[in-house]
Amino acid sequence: MSQVVLFNVFNGLIVGAFYALMALGLSLIMNLSGVINFAHGGFLALGAYLAYTLMPYTGFWGALVLAPVFTAGLGLVVERLLIRRVYGRDPLYSLLLTFGLAFMFEDGMRFIWGAQSVPYQVPAWLLSPLSSDYFFLTGYRVFMVLLVAFAVIGLFVILNYTRLGIRIRAGTLDLETVSVLGVNVRILRNLNFGLGIYLAGLAGVLAAGMLGLQPTVGTSLIMPSFVAIIVGGLGSLPGTLLGGLLIGVASGVTTVFFPSATEAVMYVMMAAVLLVRPRGLLGEEGRF
Amino acid sequence: MGDIDINKQAPNVVVWLLLVAMPFWLPAIGGYPELGTRVVVLGLAAMSLNFLLGYTGVLSFGHAAYFGLGAYGVGMTIRYLMPSTGAGILVGVITGTIAAALIGPLIIRLRGVYFAMVTIAFGQVFFFIAFRWNSVTGGDDGLTGWTRMPLNLGFTSIDILHSPRVFYYFVLILFAIAVAIMAWLLRSPFGRTLIAIRENERRARFLGIPVDQHIWISWVISCGFVSLAGALYALLNNFVDPRALYWTQSGDFVIMAVLGGMRSFWGPLIGAAIYVVLQDYLSSETENWMSFIGLFFVLVVLFFPRGVLGMIRRKVAS
């Protein structure tokens with residue numbers, strides 16, 4: 001029994017890490033530009049498919065490095081051509097725009113790679129269990145957790161110690177002042193969008209090894225990411241991280257005792273948080 | 001008010017004439033009867049959403065949940081409880097309205113994108129319930145094994161199942177009642193207050209208007225009518241599946257409202273007509289219709305943000 005519980009907690013932690021990675025990207029974009037990027041799931045799936053396509057040429061490790069970079073590159077282009085046009089307009093329009101993009105992404109991937117899931121290979125030596133007592137503790141799972149942790153630490157280092165990151169954080173608080181101080185806000189928003197999409201692409205490359213790869217993989221991850229942001233606190237990146245891990249573990253544990261409520265439990269948590277603390281666990285008061 | 005302004009009434013007259021005569025002119029231009037019914041049903045959904053979106057200025061992206069609750073309400077009532085169309089619709093509308101009333105207090109303090117995000121996330125709860133609770137809802141395959149029942153009026157009974165035309169008029173009557181109530185509400189002091197909140201929430205608050213309470217009532221009314229639309233949609237198809245509750249359905253309603261024109265009463269109906277016909281055409285022409293619908297969303301946002309009626313109005317004004 002404790003094996004099963006441990007297995008599901010660990011599983012939930014990994015899934016939660018994906019939610020968190022995706023939600024962090026969404027949060028970055030939302031905080032600076034006020035855009036909810038519905039196409040985020042599409043970018044995630046694209047990252048995974050690019051990795052799948054690159055793998056025969058570059059191997060798993062090459063794909064792991066290149067696919068998120070290419071995805072982020074496409075993100076920069078999409079922002080430059082489309083998303084930029086709806087900044088400052090009613091949030092309705094950015095929602096509809098990215099909503100349409102999400103449709104095009106999903107259908108486009110179905111067109112190119114087919115509706116069925118494709119065989120996504122991770123190196124065989126990563127898949128063997130590390131311990132005979134805890135069969136679920138494969139190298140790949142540990143590796144995923146470590147890499148996500150590494151990415152998150154990297155993100156916080158960028159935000160806290162680089163010029164770009166400090167400008168992003170300042171822009172989140174007061175974009176006008178940042179602009180007046182001579183920062184090119186257009187480029188800042190563009191790079192910020194690319195950074196968010198990079199995280200989505202990375203999450204995609206990793207998640208496909210565990211969840212399988214079909215065109216809908218992104219759409220199935222985007223709702224939990226929204227919940228992660230709401231639970232963790234609007235506008236707070238550490239909150240988003242916490243929210244993602246919390247709901248991941250909560251659904252993992254629920255799987256053991258009440259499997260049919262696996263998805264519902266995160267929404268129950270969201271309702272509870274909104275009831276007690278409308279700004280979310282770590283959200284700042286009065287910001288939204 | 002007193003005198004009736006002919007210019008102001010002209011659009012209403014045109015819309016009603018077109019709707020009442022639809023079964024006669026639609027086949028002549030290549031449509032089929034169910035297409036007209038679908039336009040009216042989804043038009044009602046989009047107009048209900050617009051009560052909140054266009055007239056209260058609150059962005060809900062989760063209306064599919066209440067649409068779907070109405071649909072499952074009617075389907076499950078006829079399947080399990082009693083074979084009556086009227087009772088089914090009643091149960092559907094009550095279910096949707098109560099769910100909205102309960103969720104309301106959790107969300108009315110949020111605004112803008114955050115309101116949208118929370119409404120869409122809450123909508124997913126109902127999707128997962130319908131999806132997972134196989135034994136009752138039929139899960140992914142949908143709820144089958146029921147059809148709409150003849151209307152029992154006491155002295156006579158009307159068969160709405162076999163004649164699409166009779167069913168169309170049944171839907172149109174309910175549509176007319178719902179739309180009349182919404183129009184009346186919007187002309188009342190309550191409706192004017194909603195518009196005041198849309199235009200300047202802070203000022204409305206300073207005037208002593210209980211803003212959150214108004215938004216809550218507007219939300220419940222909007223969701224109540226959308227669940228009526230959902231109930232009619234289920235009756236139209238004699239079938240419900242979880243996709244009626246899925247978040248992409250909410251996006252469809254929003255695009256209909258925007259496409260027709262959010263600032264006008266009939267706009268969403270026009271948007272629904274365009275959208276339904278387009279979707280019908282695309283899905284029969286190409287397997288990749290989703291891409292085209294997505295592209296359509298992008299084009300509407302970039303080039304027609306005011307919608308059809310908004311553009312016409314602008315042209316007339318200039």
Side-chain angles (χ1 to χ4, degrees), chain A residues 26 30 34-36 38-39 42 82 85-86 89-108 110-111 115 215 219 222-231 234-235 259-268 270-275 278-280 283 287-288, chain B residues 53-54 57 59-61 102-103 105-129 131-135 139 246-248 250-252 254-255 257-259 262 286-303 305:
Chain A
L26 274 168
M30 190 160 33
V35 169
I36 294 184
F38 272 122
L82 295 171
R85 291 161 186 261
V86 293
R89 281 167 64 185
D90 192 313
L92 174 75
Y93 295 110
S94 65
L95 280 170
L96 288 175
L97 180 74
T98 55
F99 196 83
L101 281 176
F103 271 25
M104 289 167 77
F105 265 99
E106 194 180 319
D107 200 49
R110 193 174 297 142
F111 184 69
T219 338
I222 192 156
M223 277 306 135
S225 308
F226 282 3
V227 177
I229 294 173
I230 297 163
V231 167
L234 308 171
S260 54
T262 304
E263 292 98 350
V265 68
M266 61 180 80
Y267 298 99
V268 174
M270 179 177 81
V273 166
L274 283 173
L275 197 64
R279 60 188 142 130
R287 249 197 96 192
F288 300 106
Chain B
L53 184 67
L59 176 52
S60 163
F61 236 78
L102 291 178
I103 287 174
L106 296 175
I107 57 175
I108 47 170
R109 273 176 288 179
L110 308 165
R111 293 290 180 273
V113 277
Y114 301 103
F115 189 91
M117 205 160 86
V118 176
T119 48
I120 196 172
F122 268 120
Q124 286 299 97
V125 180
F126 301 108
F127 170 77
F128 282 119
I129 293 174
F131 188 79
R132 284 281 191 165
W133 201 7
N134 264 334
S135 53
Y246 201 53
W247 55 279
T248 51
S250 303
D252 287 354
V254 179
I255 197 84
V258 171
L259 178 62
M262 285 191 298
T286 161
E287 231 173 72
N288 297 98
W289 60 273
M290 256 178 85
S291 294
F292 289 96
I293 290 285
L295 183 65
F296 182 71
F297 271 60
V298 173
L299 293 177
V300 168
V301 169
L302 293 183
F303 301 110

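Heavy atoms only: backbone and side chains are in, while hydrogens, waters and symmetry mates are out. Chain letters run A, B, ... following the sequence lines, proteins first and then strands; every chain starts at 1.
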Chain A: which of Val298(B), Asn288(B), Leu299(B), Val125(B) shares the most heavy-atom pairs with it under 4.5 Å?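 Option with the greatest count: Asn288(B).
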Among the listed options Leu106(B), Ile103(B), Ile129(B), the residue most often paired with chain A at heavy-atom distances under 4.5 Å: Leu106(B)
Contacting moiety of [X], where chain A heavy atoms sit under 4.5 Å:
X         : result
Phe115(B) : neither
Val300(B) : neither
Phe292(B) : neither
Ala121(B) : both

Compute the ring centroids of Phe38(A) and Trp247(B), then answer whether they are less than 6.0 Å apart. yes
Between [atom1] of [X] and [atom2] of [Y], what distance do you get to the nearest 0.5 Å?
X         : Y         : atom1 : atom2 : value
Phe126(B) : Tyr267(A) : CZ    : OH    : 12.0 Å
Met117(B) : Ile36(A)  : CE    : CD1   : 5.5 Å
Asp252(B) : Phe99(A)  : CG    : CZ    : 6.0 Å

Nearest heavy-atom pair of [X] and [Y]: which atoms, and what distance?
X         : Y         : answer
Ala116(B) : Leu95(A)  : CB-CD1, 3.7 Å
Met270(A) : Val118(B) : CE-O, 4.3 Å
Val301(B) : Arg89(A)  : O-NH2, 3.1 Å
Pro91(A)  : Val113(B) : CB-CG1, 3.4 Å
Val254(B) : Leu92(A)  : CG1-CD1, 3.4 Å
Ser291(B) : Asp107(A) : OG-OD2, 2.5 Å

What part of [X] lies closer than 4.5 angstrom to a heavy atom of chain B: side chain, backbone, both or neither?
X         : value
Val268(A) : neither
Leu26(A)  : neither
Ala271(A) : both

Check whether any side-chain heavy atom of Leu101(A) lies under 4.5 Å from a side-chain heavy atom of Phe297(B), and answer yes or no.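 No, side chains not in contact.
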Side-chain contact test, heavy atoms from C-beta onward, threshold under 4.5 Å: evaluate it for Gln124(B) versus Val227(A) and give yes or no.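 In short, these two side chains do not touch, never coming nearer than 4.5 Å.
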Is it the case that atom CZ in Arg85(A) sees more than 12 heavy atoms from other parts of the structure closer than 6.0 Å?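 No, CZ of Arg85(A) has 12 or fewer neighbouring heavy atoms, counting only those of other groups under 6.0 Å.
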Please say whether more than 12 non-hydrogen atoms of neighbouring residues, nucleotides or ligands are located less than 6.0 Å from CZ in Phe128(B). yes
Could you tell me which of Glu106(A), Met30(A), Met266(A) has the largest number of non-hydrogen atom pairs under 4.5 Å with chain B? Met30(A)
Selection from Leu97(A), Ile230(A), Val86(A), Leu96(A) maximising heavy-atom pairs under 4.5 Å formed with chain B: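 Option with the greatest count: Leu96(A).
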Give a yes or no on whether the backbone of Leu234(A) and the side-chain of Tyr114(B) come within a donor-acceptor separation of less than 3.5 Å. no
